[in-house]
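Taking it in order: structure first as structure tokens, then the write-up.
Both backbone and side-chain heavy atoms feed into the values below; hydrogens, waters and symmetry mates do not. This one's a predicted model, so the numbers in the text were calculated from it and none came from an experiment.
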Amino acid sequence: CEIADNTADITLSSQFSKLSGIRLTTACSAMLLTLHDFTGIEELTVRAKGVQLGDRDSIPLTMQDIILIDTAENNQ
């Protein structure tokens, strides 16, 4: 893991490349949200050692890319 300014660059083991689709997106989003909560990181780049993630060498993600929607209705 390397951190510079508000950006983290994380390289995980090749096992991480077994994730795909929504599971890969969810895992990367969870990492960014956790880093943001603890350190204020705004951007994250995720890599897997020696392999691609999906069809990419890396997955860049920013806090602006994450959409959190509260679908709970207020029944008062």
message: Per the salt bridge (charged side-chain N to carboxylate O under 4.0 Å, His left out) rule, what does the pair list look like for residues 7-17, sequence neighbours excluded?
response: D9-R47
field: Chi angles and distances behind the side chain to side chain contact (heavy atoms under 4.5 Å, CB included) call for L61, V46
entry: CA-CA 8 Å; L61 192 61; V46 180; over 6 Å; no
field: Heavy-atom closest pair, residues A8 and I3
entry: CB-CG1, 4.1 Å
- request: Can you measure from CG (L12) to SG (C1) and round to the nearest 0.5 angstrom?
  value: 9.5 Å
- prompt: Under the 3.5 angstrom rule, does the side chain of S17 hit a backbone N or O of S14 as a donor-acceptor pair?
  reply: yes
task: Check the pair I41, T7 against side chain to side chain contact (heavy atoms under 4.5 Å, CB included), reporting the backbone distance first and the verdict last.
output: CA-CA 6 Å; I41 293 293; T7 303; 5.9 Å; no
- prompt: How many angstroms lie between OG in S29 and NE2 in H36, if you round to the nearest 0.5 Å?
  reply: 13.0 Å
- request: Heavy atoms only: give me the nearest D65-P60 pair and the separation to one decimal.
  value: OD2-O, 4.4 Å
Steps toward side chain to side chain contact (heavy atoms under 4.5 Å, CB included) verdict (I66, L32): CA-CA 9 Å; I66 297 177; L32 176 56; 3.6 Å; yes
query: Applying salt bridge (charged side-chain N to carboxylate O under 4.0 Å, His left out), which residue pairs with at least one partner in residues 34-43 are found, sequence neighbours left out?
result: none
message: Under the criterion side chain to side chain contact (heavy atoms under 4.5 Å, CB included), I'd like the reasoning laid out for E2 against I10: C-alpha separation, chi angles, the key distance, then a yes or no.
response: CA-CA 7 Å; E2 294 181 25; I10 296 177; over 6 Å; no
statement: To the nearest 0.5 Å, atom OG1 of T26 lies from atom CG of L19 at 9.5 Å
Distance-only check: which donor-acceptor pairs under 3.5 Å involve side-chain atoms of residues 48-55, not counting sequence neighbours?
unit_1: Q52; atom_1: NE2; unit_2: D57; atom_2: OD1; d: 3.1

